Q: 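Handing you a structure now.
Because only heavy atoms are used, hydrogens play no part in the values below, and waters and symmetry mates are left out as well, while side chains stay in. Here the structure is a predicted model, which means the values were calculated and not measured. Indexing begins at 1, ligand by ligand and atom by atom, following the structure's order.
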Amino acid sequence: MEVARGLEGVLFTESRMCFIDGEAGRLYYYGIPIQELAEKSTFEETTFLLLHGRLPKREELEGFKKELARRRALPEHLLESFRRYPLSAHPMSFLRTAVSELGMLDPTEGDISQEALYQKGLDLIAKFATIVAANKRLREGKEPLAPREDLSHAANFLYMANGIEPSPEQERLMDAALILHAEHGFNASTFTAIAAFSTETDLYSAITAAVASLKGPRHGGANEAVMKMIREIGTPERAREWVREKLAKKERIMGMGHRVYKAFDPRAGVLERLARQVAEKHGHSKEYQILKIVEEEAGKVLNPRGIYPNVDFYSGVVYSDLGFGLEFFTPIFAVARISGWVGHILEYKALDNRLLRPDAKYIGPLDVPYVPLEARA
Ligand SMILES: CC(=O)SCCNC(=O)CCNC(=O)[C@H](O)C(C)(C)COP(=O)(O)OP(=O)(O)OC[C@H]1O[C@@H](n2cnc3c(N)ncnc32)[C@H](O)[C@@H]1OP(=O)(O)O
Ligand SMILES: O=C([O-])CC(=O)C(=O)O
């Protein structure tokens, strides 16, 4: 049997949620092009789509929005614990620990019936934003704000994070970013969630594992790494030389490259446009300009190899504009991706939840004699 390094090209299940055409740079959630969703949908509507496999009718959407809104508040016990979490911890570690603690606080943690998974999934989707916003406030030396049920998920997230109600334009920006990040097939964190869940562990454990996986700089953590790259480059004038040096040393340009896309990631296309808009309007043009130069200069070498900007390349410019420091970029990704994780767990469970257990080609020796400790050289 051939070894598929990194499980590349391995089909381990069937799914209706997401189709990625990596060669053409196209992405669909339940068959709907991502650009349409990003432009016309809301996070709540897209989440309904990911959990139910179809767009909601008007009254269904209203009910779903209310259902999510009423689940936003965190248990007092968890809020008290937050005061003991070290504020120096990375916000992804904070989120990972909070999800795990939510599991301990749920007396029916181990119930993995389809209905219980759906209910607990809604709870996590609603609460992720509250956890991340509370962490931001605490890091700023401020009290976490109670969620507001009269605001949309995107607007309430911004309200809880920044302490002021966002403008309709900011709300739309957040919605678009959340929709773009909500789902992406069997990426590393979703696969991690499914691998954990296939053991019939509880939802909180599977999602804790997914958060841990998303944190890595080769996955969701790349958005933070991109902003660090921008800071290291410093000025647009330095960008070309910086890229040439990096590539000469065979180092990776963060926010570029993808296992599936061998063309421009369509999400990066939408985010590039949004980043340009905010850069022009609000004067973050230096960051945006640096990225454009990096894209062009690195592209000379990397595009012919099928390496283009991915979803993490331009998102940070948008998040900065919405008031977030770079350490919150990956948690924002998680606030969106929780919908995809829950959707996939529901889908995989309904299918058969077969235990995931790949194998490796053994390349070691056999029948090696056991040498007693005193006889070892
Ligand atoms: C939400 C997301 O997860 S999107 C991805 C976010 N991650 C990043 O942006 C980090 C930078 N990118 C990368 O590290 C990679 O492109 C990955 C991990 C995303 C995907 O990579 P894979 O498909 O596994 O390719 P792999 O890591 O095997 O690299 C293949 C070759 O392309 C090169 N390459 C891949 N990405 C880059 C990059 N960003 N910059 C420079 N070279 C790159 C590798 O160095 C390697 O070169 P080699 O064959 O000469 O050794
Ligand atoms: O699909 C992947 O491998 C990574 C990615 O873009 C995502 O998770 O959004």
Q: Show which atoms of ligand 1 fall inside a sub-4.0 Å distance from at least one heavy-atom site of Ala222.
A: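 Answer for ligand 1: 6 (C), 7 (N), 8 (C), 9 (O).
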
Q: Only one of Tyr118, Tyr29, Tyr30 clears ring pair (Phe, Tyr, Trp, His ring centres under 6.0 Å) with His52; which?
A: Tyr118

Q: Going by heavy atoms, is Asp312 under 4.0 Å from ligand 1?
A: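 For ligand 1, residue contact (heavy atoms, under 4.0 Å) with Asp312 is present.
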
Q: May I ask you to check if Lys136 and Phe324 form a cation-pi contact, with NZ or CZ under 6.0 angstrom from the six-membered ring centre and within 45° of the axis?
A: yes

Q: Indicate whether atom 28 (O) of ligand 1 is within a distance of less than 4.0 angstrom of some protein heavy atom.
A: no

Q: Does NZ or CZ of Arg71 lie under 6.0 Å from the centre of the six-membered ring of Phe64, at an angle within 45° of the ring axis?
A: no

Q: If you measure from each non-hydrogen atom of Val311 to ligand 1, which part falls under 4.0 Å: side chain, backbone, both or neither?
A: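 For Val311, only side-chain atoms sit under 4.0 Å from ligand 1.
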
Q: Can you report which non-hydrogen protein atom sits closest to atom 42 (N) of ligand 1, along with the distance?
A: Leu302 CD2, 4.0 Å

Q: Below 4.0 Å from any atom of ligand 2, is there a heavy atom belonging to Arg337?
A: yes

Q: Could you say whether the N/O atoms of Ile307 and ligand 1 ever approach to under 3.5 Å?
A: no

Q: Would you say His258 contacts ligand 2, with heavy atoms under 4.0 Å as the rule?
A: yes

Q: Run down the list Lys262, Glu251, Met256 and name the one with the heavy atom closest to atom 36 (N) of ligand 1.
A: Met256

Q: Closest by any non-hydrogen atom to atom 38 (C) of ligand 1: pick that one out of Ile253, Leu247, Leu214.
A: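 It is Ile253 whose heavy atom sits nearest to atom 38 (C) of ligand 1.
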
Q: Check this for me, if you would: do Arg273 and Glu39 make a salt bridge, where the nitrogen-to-carboxylate-oxygen distance has to be below 4.0 angstrom?
A: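 Judged by the 4.0 Å cut-off on N to carboxylate O distance, Arg273 and Glu39 do not form a salt bridge.
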
Q: In terms of side-chain heavy atoms, does Ser152 have a donor or acceptor partner in Glu44 at a distance below 3.5 Å?
A: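 Their side chains do not contain a donor-acceptor pair, so the 3.5 Å distance test is not met.
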
Q: Say whether Arg267 and ligand 2 are in contact under the criterion: heavy-atom distance to a ligand atom below 4.0 Å.
A: yes

Q: For atom 10 (C) of ligand 1, which candidate among His258, Arg259, Met254 holds the nearest heavy atom?
A: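 The residue whose heavy atom sits nearest atom 10 (C) of ligand 1 is Met254.
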
Q: Tell me, which protein residue and heavy-atom name are nearest atom 7 (N) of ligand 1, and how many Å apart are they?
A: Arg218 O, 3.0 Å

Q: Tell me the nearest of Ile20, Leu27, Asn187, Asn310 to atom 3 (O) of ligand 2, using heavy-atom distances.
A: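 Comparing heavy atoms across Ile20, Leu27, Asn187, Asn310, the nearest one to atom 3 (O) of ligand 2 lies in Asn187.
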
Q: Apply side chain to side chain contact (heavy atoms under 4.5 Å, CB included) to the pair Val335 and His153, showing each step before the final yes or no.
A: CA-CA 10 Å; Val335 166; His153 192 79; 4.2 Å; yes

Q: Should the heavy atoms of other residues, nucleotides or ligands under 6.0 Å from CD of Glu200 be counted, would the total exceed 12?
A: no

Q: Could you tell me whether atom 25 (O) of ligand 1 has at least one protein heavy atom nearer than 4.0 Å?
A: no

Q: Taking the six-membered ring for Trp, are Phe313 and Tyr308 ring centroids under 6.0 Å apart?
A: no

Q: Could you tell me whether Glu62 and Arg58 make a salt bridge, using a distance below 4.0 angstrom between a side-chain N and a carboxylate O?
A: no

Q: Between Tyr288 and Glu280, do the side chains contain an N or O donor and an N or O acceptor separated by less than 3.5 Å?
A: no

Q: Tell me which part of Phe313 gets within contact of ligand 1: side chain, backbone, both or neither, using heavy atoms under 4.0 Å.
A: neither

Q: Counting only heavy atoms, which portion of His184 has something under 4.0 Å from ligand 1: side chain, backbone, both, or neither?
A: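 Neither part.
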
Q: Based purely on interatomic distance, does His184 place a nitrogen or oxygen under 3.5 Å from a nitrogen or oxygen of ligand 2?
A: yes

Q: Decide whether the shortest distance between a heavy atom of Arg305 and an atom of ligand 1 is less than 4.0 Å.
A: yes

Q: In terms of residue, atom name and distance, what is the protein heavy atom nearest to atom 19 (C) of ligand 1?
A: Gly257 O, 3.8 Å

Q: Count the heavy atoms of every other residue, nucleotide or ligand shown that sit under 6.0 Å from CD1 of Ile164, and state whether that count exceeds 12.
A: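 12 or below, so no.
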
Q: Within ligand 1, which atoms have a heavy atom of Gly255 less than 4.0 Å away?
A: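 Close to Gly255: 8 (C), 9 (O).
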
Q: Do any nitrogen or oxygen atoms of Arg252 come within less than 3.5 Å of a nitrogen or oxygen of ligand 1?
A: yes

Q: Might you confirm whether atom NZ of Lys66 has over 12 heavy atoms from other residues, nucleotides or ligands at distances under 6.0 Å?
A: no

Q: Check this for me: does any side-chain nitrogen of one of Asp352 and Arg354 sit under 4.0 Å from a carboxylate oxygen of the other?
A: no

Q: Any atoms of ligand 1 less than 4.0 Å from a non-hydrogen atom of Phe333? List them with their elements.
A: 1 (C)

Q: How close do Pro331 and Pro91 get, heavy atom to heavy atom, and via which atoms?
A: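 In terms of heavy atoms, the two residues are closest at CG-CB, 3.6 Å.
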
Q: Touching ligand 1 at all, Pro217? Heavy atoms, strictly under 4.0 Å?
A: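 Contact present.
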
Q: Taking Glu272 first and then Arg276, would you say they form a salt bridge - that is, a charged N and a carboxylate O separated by under 4.0 Å?
A: yes

Q: Does atom 4 (S) of ligand 1 have a protein non-hydrogen atom under 4.0 Å from it?
A: yes

